[in-house]
Amino acid sequence: MFSWNRRLARYVKAGQHEKTIELYQEMQQKGMSPDNFTFVPVLNACASLRALEAGRKVHEEIIQSGCKADVFVGNSLVDMYSKCGSIEDACKVFNNMPSRDVVTWNAMILGHVNLIDMYAKCGSIEDAKRVFNKLPSRDVVSWNVMIFGHVKYGQGQKALELFRQMQEEGVQPAPLTLVGVLNACASVVALEEGRRAHDWVIKSGWDSNVFVGNSLIDMYAKCGSLEDALKVFNKMPSRDVVTWNAMIGGYAIHGHGKEALKQFEQMREEGVQPDDTTFVCLLSACSHSGLVDEGLRFYSSMSTVYMISADFQHYTCMVDLLGRAGRLHEAENMVLAMPYKPQVAAWMALLGACRIHGNVEMGERVAKQVLELEPENAAGYVLLSNLYTATGNRDLSKNIERQRKERSVKKHPGRTWIEVDNEVHTFVVDDQHHLQMIEIHAELKRLSGLMHYAGYVPDTNFVLHDVEEEEKVFNLCHHSEKLAIAFGLINSAPGTPLCIRKNLRVCRHCHTSTKFISKVVGRAIMVRDANRFHHFQDGECSCRDYW
DNA sequence: CTAGGGTTAG
């Protein structure tokens, strides 16, 4: 038994989860009766593989084995059910355990956190919090799970608050805590806060930790400082494929396609084997920079030269690349050529391209697919209705909006974050609650005067609410990024660059007016939207209106 | 021989 169990443990440590399960079956066939030391690694493997049915079977075998399940086995069961997404089973095991420790509780919190996703299960973070608050004693892992959970839930600020709270309670952070904190900074574009986290990393001697280094690169890139990202990259004592991917991905979101390609060349020269994510990064770099031919070349070389087969993410990148460039039919063929049922993401990328290029005929066809596959996802309705508006089909646009409301599908409210004086401020559409609202509105009025003087004419076509003509001009000033820009301007010294983060993609109207604003106030304005960075300066944007 | 949190892309 000792040697069987030791082999199982080794396989799990090496990440060979399928092998672990095979070995377990083999030992059963040879008539061995597994014990607690056997079940733990096997459950661990099931958890990693998200193999719920296999896990259930092991659970039954534990019960039949007559072994008295100890806290290790109990914890592994809770962990397995949590990771496999069955919080009900995790709860059942939890409630039946004669004794629990902090590991048990943490597994429960993680189970709730894992359920957080974009459309549904918004209550999960609340459930996680409830468990967290009930915990008799919290250790560093409990805090880490909560920090990561809030980042995943889109509450980066709350995650940073948790970090402060944990220190107040005297819990020592671990390297992974800083990974979570850096993620939080990246998610809300908190560069100064990120620099402080970097100081912490150096002070603790964790800067040689590859995970931490990778997160630092990502944080700096997502907070707008590719220079700092590159500095970290160059100083890292050891790099892995993620390090390279993070750097390539950093160039990609800034629209520096050529540099991304160079970084890839360097990666190859140093003999680092690219993986599937590398190609997602590369293809998205090509897409953001309009490097269509290069993208097509990478796409074909990934399977022929690097032996990496394209999965749905690569197809989605290609659809985006071709579609954005206006090659709509090739993009559509790419969706149809997928060797499995196309995912919504692929149709969505194509629908986005139809919107950009005003192709109503294809857009309607594609939207039908999207709305069939995910009728509860607002993005499909929004894209189609925007396509109608942009092509002058107002009634059709209103129709789609009505349909969306009838099915009570909610849009994600637009949200913008800006860091001023080391503090992150949040704005939503038509925000009325900010303390400085009067000043902000005065600033918007002042800007609008300056912009008109500079030759700016608002294009009301792009206001996509269901409102009357006169109201539209008014509404244009109330998109959350406008409010954040005005706030940033009045709260920082003249000439200081602004950096803002938005949860949705910047609309064409805001894009145009931000170009004007950068010119009339003489400021560099960086905007990170859901997709990429826009660097506005002197009336121009780094994306060259290609986005 | 047994337990928990993690990095990139979309």
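Residue numbers start from 1 in every chain, and the chains themselves are labelled A, B, ... in the order their sequence lines are given, proteins ahead of strands.
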Measuring from the side chain of [X] (C-beta onward, heavy atoms only), which nucleotide among [options] has the closest atom?
{"X": "A:D101", "options": "B:dA3, B:dT8, B:dT2", "value": "B:dA3"}
{"X": "A:F2", "options": "B:dC1, B:dT7, B:dA3", "value": "B:dC1"}
{"X": "A:V141", "options": "B:dG4, B:dA9, B:dA3", "value": "B:dG4"}
{"X": "A:Q313", "options": "B:dA9, B:dT2, B:dC1", "value": "B:dA9"}
{"X": "A:F37", "options": "B:dA9, B:dT2, B:dG4", "value": "B:dT2"}
{"X": "A:N214", "options": "B:dC1, B:dG10, B:dT7", "value": "B:dT7"}
{"X": "A:N44", "options": "B:dG4, B:dT2, B:dG10", "value": "B:dG4"}
{"X": "A:F72", "options": "B:dT7, B:dT2, B:dG4", "value": "B:dT2"}
{"X": "A:N5", "options": "B:dG4, B:dC1, B:dA9", "value": "B:dC1"}
{"X": "A:R6", "options": "B:dG10, B:dC1, B:dA9", "value": "B:dC1"}

Side-chain donor or acceptor of A:D320 under 3.5 Å from a matching atom on the base of B:dG10?
no
Once you measure the plane-to-plane angle for A:H256 and A:Y251, does it fall in the parallel (<30°), tilted (30-60°) or perpendicular (>60°) bin?
parallel
Below the 4.0 Å mark, does B:dG10 have OP1 or OP2 next to a side-chain nitrogen or oxygen of A:N531?
no
